[in-house]
Amino acid sequence: MSRQGAQVTVQVQAYNFFVNGKWTAGTSSETFDVRNPATGETIGRIPRAGKEDVYEAVEVARKAFEAPAWHEMEPTKRGKILMQIASLMRQNFDEVAKLETLNQGKPIRESKADVAWAIRAFEYWGGAADKIQGETIPVTPSRLTYTLREPLGVTAHIIPWNYPLALATRSLAPALAAGNSIIAKPAELTPLTLLRVAEYAQKSGLPDGVLNIITGSGAVAGRTLVSHSDIDGITFTGSTETGKQIMETAAKSVTPVLLELGGKNPNIILPDADLQRAVQMAKYAIFTNAGQMCWAGSRLLLHDEIYDRFLAELKKQTELIKIGPGVDERTELGPMVSEDQRERVLGYIKSGTEDGARLLTGGQAPDEPALTKGYFMKPTIFTDVKTTMKIGCEEIFGPVLAVFRFSSVDEAVSLANETQFGLYAGVWTNNLKLAQQLIRQIQAGVVAVNDYLVAYPQTPFGGYKDSGIGYESGLQAIGHYTRIKSVTVNIT
Ligand code: NAD
């Protein structure tokens with residue numbers, strides 16, 4: 001890799017995937033290109049794993065799960081391995097962040113935040129590994145009754161492309177802490193940083209076969225993995241549509257699923273809020289990661305009283321956003337992950353205009369010559385949106401904000417809840433009583449008051465309604481990676 005000013009040129013690198021502690025191209029001779037979304041250049045080639053490769057990975061993971069090296073490892077030692085992975089990631093912090101930006105497109109500042117999050121998640125679960133415990137149950141003096149928390153066995157992890165490292169870590173770290181063996185499949189577009197995790201895990205002393213990373217398509221590798229009869233648990237983060245298919249597949253073998261799916265999240269601004277900060281955060285809530293976020297504040301709900309001035313300021317600030325390649329430290333809005341994704345977003349913009357919404361700003365790709373090769377989009381705001389319009393109810397997954405107006409708190413709540421999704425919500429008010437009312441009434445798994453895009457490895461994250469099942473992060477997440485054995489010992 002060489003650097004000239006803000007331009008980074010990268011040679012096309014051939015990658016392999018990781019099974020049983022070895023880097024392999026598997027049985028398939030097919031590859032797919034990994035691109036830099038800021039330039040459209042191919043930066044890597046990666047094997048497209050076939051069914052046989054998945055079967056092998058599952059067999060390897062099963063053997064590794066049953067082997068004494070993992071099965072009998074003291075939880076404290078397992079935790080130390082996770083801590084060591086975090087430490088290696090920290091030592092390579094800038095490089096990993098740059099790789100994430102080159103592969104996914106997001107501004108380097110955001111990639112750094114994601115790497116920091118991943119490090120923290122490994123540390124959190126490293127610390128938790130020897131605290132995953134059962135309980136004693138006082139039934140009767142003649143019986144000792146207690147629960148054991150046991151690992152599930154072999155877990156499958158399907159990862160999306162919007163936070164390739166952070167979301168992989170979010171599920172891998174607790175699964176490893178609990179003592180499972182893993183097969184993870186990154187998204188086709190963004191496999192590179194997860195392969196780094198495999199490298200650090202091996203260097204940290206994780207036994208071979210415990211963590212396997214398969215690169216391949218959703219249609220073949222992903223589907224084969226989630227339908228394999230020897231998988232004991234599935235964690236899927238991705239679109240609601242794919243999540244539903246996976247749940248149906250999992251039902252056939254009664255395999256538990258943890259689904260983290262889409263969102264169309266309301267960000268509600270009340271007149272008494274700190275409006276200066278609310279404007280900044282409304283912008284941040286939708287334009288971070290080019291809007292490619294399940295938890296994007298993609299529906300801005302503005303009270304009548306502040307509607308005009310809030311929008312005027314938001315428009316002004318939005319038009320000042322610096323668009324550019326993520327590797328440029330000054331960039332605030334990077335490219336979309338792929339040409340297909342940009343096309344999809346442009347389709348939504350067309351439908352918004354046709355359905356009668358008003359395009360306040362953006363709505364097209366930027367025309368600066370330096371940006372024409374990448375998959376850039378201007379930050380876009382629509383007003384006069386209705387929840388019946390496609391742009392008002394579907395997840396766009398791009399830098400497109402839909403603005404709604406309300407005149408009472410009841411109206412805000414009903415607008416907020418008028419969606420199939422229920423992942424995240426923002427509430428902006430200094431009135432504590434009102435905030436409490438909204439927290440209770442909004443149907444979302446996560447609510448942020450006077451804040452947006454906040455999630456820690458310590459705090460549960462999951463959706464209501466079509467946004468998913470179960471919770472990642474926080475100690476609650478361990479429930480998904482373990483099962484309970486209930487024991488009664490007759491001591492008479
Ligand atoms: P996607 O559903 O297309 O793909 C996600 C992953 O699933 C990829 O690795 C893909 O290869 C794989 N896949 C596709 N079809 C499959 C199948 N039939 N069987 C098994 N695996 C399959 O989603 P995407 O476009 O990569 O990601 C964007 C979506 O993810 C958005 O809808 C977003 O809201 C959601 N998301 C949710 C969260 C959350 O925590 N709730 C976080 C990030 C992204």
Side-chain angles (χ1 to χ4, degrees), residues 17 32 46 48-49 51 54 103-104 106 114 117 121 156-171 183-191 194 213-228 231 234-250 252 255 257-265 288-298 336-338 340-345 348 394-398 419-424 444-446 453 455 457 459-474 477 480:
F17 55 79
F32 50 85
I46 197 119
R48 191 185 279 270
K51 289 184 178 179
V54 175
N103 188 179
Q104 200 272 353
K106 62 179 71 184
D114 290 1
W117 199 97
H157 304 245
I158 308 276
I159 322 288
W161 47 255
N162 59 339
Y163 290 93
L165 178 68
L167 292 184
T169 306
R170 186 173 74 168
S171 75
I183 301 121
K185 194 201 83 62
E188 296 85 318
L189 294 168
T190 54
L194 182 54
I213 315 281
I214 284 277
T215 55
S217 69
V220 177
R223 207 181 284 247
T224 308
L225 183 57
V226 298
S227 55
H228 198 294
I231 293 292
I234 299 169
T235 299
F236 171 79
T237 307
S239 60
T240 294
E241 198 187 321
T242 310
K244 286 179 180 173
Q245 283 172 26
I246 288 178
M247 194 166 172
E248 262 184 66
T249 307
K252 294 189 183 117
T255 305
V257 289
L258 173 54
L259 302 177
E260 297 278 16
L261 309 175
K264 187 77 178 174
N265 311 293
T288 296
N289 203 356
Q292 302 163 121
M293 301 178 288
C294 55
W295 58 334
S298 50
M336 312 225 47
V337 76
S338 67
D340 281 356
Q341 189 62 15
R342 182 170 62 173
E343 283 303 312
R344 203 170 155 253
V345 170
Y348 273 110
E394 294 184 14
E395 184 183 47
I396 298 177
F397 227 58
T419 165
Q420 70 181 113
F421 300 109
L423 188 58
Y424 200 93
V446 190
L453 297 187
T459 54
F461 192 95
Y464 283 22
K465 303 197 270 187
D466 285 5
S467 289
I469 293 180
Y471 281 83
E472 287 281 21
S473 297
H480 182 70

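Keep in mind that this is a model prediction, so the values were computed, not measured. In each ligand, atom 1 is the first atom listed, and ligand 1 is the first ligand listed.
Shortest contact from atom 17 (C) of ligand 1 to any protein heavy atom: G218 O, 3.6 Å. Here the heavy atom of the protein found nearest to atom 38 (C) of ligand 1 is C294 SG, 2.9 Å. The protein heavy-atom contact nearest to atom 7 (O) of ligand 1 is I158 CG2, 3.1 Å. Here the heavy atom of the protein found nearest to atom 23 (O) of ligand 1 is S239 N, 3.4 Å. The protein heavy-atom contact nearest to atom 41 (N) of ligand 1 is L261 O, 2.8 Å. Shortest contact from atom 27 (O) of ligand 1 to any protein heavy atom: P160 CB, 3.5 Å. Considering only non-hydrogen protein atoms, atom 25 (O) of ligand 1 sits nearest to W161 NE1, 2.9 Å. The nearest protein atom to atom 20 (C) of ligand 1, hydrogens excluded, is given as G222 C, 3.2 Å; this is a heavy-atom distance.
Put simply, the side chain of V446 does not reach to within 4.5 Å of the side chain of T459, judged on heavy atoms. Looking at heavy atoms from C-beta onward, N162 lies out of side-chain contact with V337 at the 4.5 angstrom threshold. You'll find the side chain of Y471 stays beyond 4.5 Å of the side chain of H480, heavy atoms only. Annotation: side chain of W161 is in contact with side chain of Q292 (closest heavy-atom distance under 4.5 Å). D114 is not listed as a side-chain neighbour of Q104, based on a closest heavy-atom distance of 4.5 Å or more. No side-chain heavy atom of D466 sits less than 4.5 Å from a side-chain heavy atom of L261. In this structure, the side chains of I214 and L225 stay at 4.5 Å or more apart for every pair of heavy atoms.
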Subject >> Check against side-chain contact (heavy atoms from CB on, under 4.5 Å), Q245 and E248 >> reply: CA-CA 5 Å; Q245 283 172 26; E248 262 184 66; 5.7 Å; no

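With a heavy-atom cut-off of 4.0 Å, F397 touches ligand 1 through its side chain alone. Using a 4.0 Å cut-off between heavy atoms, P186 contacts ligand 1 through its backbone alone, with no side-chain atom that close. Neither the backbone nor the side chain of L189 comes within contact range of ligand 1; no heavy atom lies under 4.0 Å.
Residue K465 qualifies as enclosed at atom NZ: its count of foreign heavy atoms under 6.0 Å is above 12. Annotation: Q420, atom CD; neighbour count of heavy atoms from other residues, nucleotides and ligands within 6.0 Å is above 12.
An N or O contact shorter than 3.5 Å links T242 to ligand 1 by distance. The N/O atoms of Y163, backbone and side chain alike, include none that comes under 3.5 Å of an N/O atom in ligand 1. Checked by distance only, ligand 1 and R170 come closer than 3.5 Å through their nitrogen or oxygen atoms. Not a single N or O atom of S467, backbone or side chain, sits closer than 3.5 Å to an N or O atom of ligand 1. Residue contacts with ligand 1: T240 is placed with no nitrogen or oxygen under 3.5 Å of a nitrogen or oxygen of the ligand (distance criterion only). Taking distance alone, with nitrogen or oxygen atoms compared against 3.5 Å, G238 approaches ligand 1 more closely than that limit.
Within ligand 1, counting atoms from 1 as listed, the ones closer than 4.0 Å to a heavy atom of F461 are 40 (O). Short contacts between ligand 1 and G262, defined as distances under 4.0 Å to a heavy atom of the residue, involve ligand atoms 34 (O). Close approach of ligand 1 to E188 is summarised as follows: ligand atoms under 4.0 Å from at least one heavy atom of the residue are 10 (C), 11 (O). Close approach to I159 involves these atoms of ligand 1, each under 4.0 Å from a residue heavy atom: 6 (C), 8 (C), 9 (O). Close contacts between ligand 1 and L167 involve ligand atoms 42 (C), 43 (C) [criterion: under 4.0 Å to a heavy atom]. Listed by number with element, the atoms of ligand 1 under 4.0 angstrom from any heavy atom of N162 are 43 (C), 44 (C). Taking every heavy atom of Q245 and a limit of under 4.0 angstrom, the matching atoms of ligand 1 come to 18 (N).
In this structure, F397 and Q341 approach most closely via the heavy-atom pair O-NE2, 3.0 Å. Heavy-atom minimum distance, T169 versus A121: CG2-CB, 3.6 Å. Between E260 and E472, the shortest heavy-atom distance links the atoms OE2-CG, 3.1 Å. Across every non-hydrogen atom of A49 and V220, the tightest pair is O-CG1, 4.2 Å.
For atom 4 (O) of ligand 1, the nearest protein heavy atom lies 4.0 Å or farther away.
Ranked by closest heavy atom to atom 32 (O) of ligand 1, the top entry among E395, K244, K185 is E395.
For W295 and F461, the ring centers sit closer than 6.0 Å to each other.
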